[in-house]
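Please read the structure below before turning to the comments.
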Amino acid sequence: MHGFSYHEQLLLLFSTPFYIIIIGAEILLSNFHFHKKTYTLKDTLTNVYLTLANGSVDFAFKLSYLWVLIQVANHSAVQPISNPVIYWLLLLVLEDFVYYWLHRLDHTTRFLWAVHVTHHSSQKFNFTVGFRSSVFEPLYRFIFFIPLVWIGFRPLDILFMYSATQIWGTLVHTELVGKLGWLEKILVTPSHHRVHHSSNPKYLDKNMGMFLIIWDKLFGTFQEELSEKEYAPIQYGLTSNLVNPNPFTIIFHEWIQVFKDITQSGLTWKQRMGYLFGPPGYSHDGSRKTSRQLEKEEEEAHLSSK
């Protein structure tokens, strides 16, 4: 347990002043050079509130999920790879792989989307949005790490690698960095992540990776950021943004809606389960649209306008 604290403290020691510097630089550049209102005080304070809430849940639950991972490690017959270079490189790739599937399920399963939706609820896009955390994700995120423990990776190393790749995942939340040449083919870049945070139909549920973009290209969720000549300007936020959110509704609004949906009268059991386990936007009567339905409608409207 002490080693886990040391890893976290080391990352915190180096990353905190770095974050302060780059956030300050982004505020200055966006306001005085690019003349864009990238930050608002209310939105930034909301981002801070959500990361503190997430950190509190993670801290409270950490000993429990770390104990589970250690028990799996104790029952695994696989020994860690002895070569440290191969061990850490392979852990980087596999941790990013399992995160991709965690993130993809967050977007395609309603009850997980109810947790993750807070991260997408900002209509701004800046470094502090990277801290707009999915508050209750620590309660289930560790489950995706269990296979890594089973095949010989140490629990503390997995959690450290997740924290390390999260730093990259925070840095890609910016409008001030354009496309990065050949890196666009391998890594998740700000351009890729702008697409991910867009509410435009063509961009919904795309570019799920944290560090490597290769998973999206392999599994059909990649979408390049298009110029305004090719497609509409990016609109950040949700397809239906919250009106006057407060500290409670910003976290629980989707759960409130899920409860209203599944308790409607006259539904079949299958329809109720669709509202809980189906994709976000599922409705039994067509009153709402899923991401793919919205994308299809947009494509049909584009074709008919030609």
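Counting from 1, the numbers follow the sequence of the chain as shown.
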**Fill in**
OG of S133 to CG of L52, rounded to nearest 0.5 Å, is 9.0 Å
**Asked** So, do W113 and H120 have ring centers that fall under 6.0 Å from each other?
**Response** yes
**Asked** With a 3.5 Å cut-off and no angle check, do the side chains of Q235 and S199 form a donor-acceptor pair?
**Response** no
**Item:** Under 3.5 Å side-chain donor-acceptor pair for S134 and H116
**Value:** yes
**Prompt:** Got V129 and N47 here, is their nearest side-chain heavy-atom distance under 4.5 Å?
**Reply:** yes
**Message:** If I compare all heavy atoms of S191 with all of E225, which pair ends up nearest, and what's the gap?
**Reply:** OG-OE1, 2.6 Å
**Asked** Looking at H197 versus H192, is the centre-to-centre ring distance below 6.0 Å?
**Response** no
**Message:** Aromatic contact between H196 and H103, with the criterion being ring centroids under 6.0 Å apart: yes or no?
**Reply:** yes
Quick one: side chains of residues 217-224, donor-acceptor pairs under 3.5 Å with protein atoms, not counting sequence neighbours, listed by atom name and distance.
| unit_1 | atom_1 | unit_2 | atom_2 | d |
| --- | --- | --- | --- | --- |
| T221 | OG1 | Y100 | OH | 2.8 |
| T221 | OG1 | D216 | OD1 | 2.6 |
| E224 | OE2 | K179 | NZ | 2.8 |

**Request:** For the residue pair N246 and T249, confirm or rule out a side-chain donor-acceptor distance under 3.5 Å.
**Result:** yes
**Message:** According to ring-ring contact (aromatic ring centres under 6.0 Å, His included), who are the partners of Y87, at least two apart in sequence or on a separate chain?
**Reply:** F153
**Prompt:** Is the shortest heavy-atom distance from the side chain of Y39 to the side chain of F127 under 4.5 Å?
**Reply:** yes
With a 3.5 Å cut-off and sequence neighbours excluded, list the donor-acceptor pairs that the side chains of residues 135-149 form with protein atoms.
| unit_1 | atom_1 | unit_2 | atom_2 | d |
| --- | --- | --- | --- | --- |
| E137 | OE1 | R141 | NH1 | 3.3 |
| Y140 | OH | D106 | OD1 | 2.8 |
| R141 | NH1 | Y162 | OH | 3.2 |

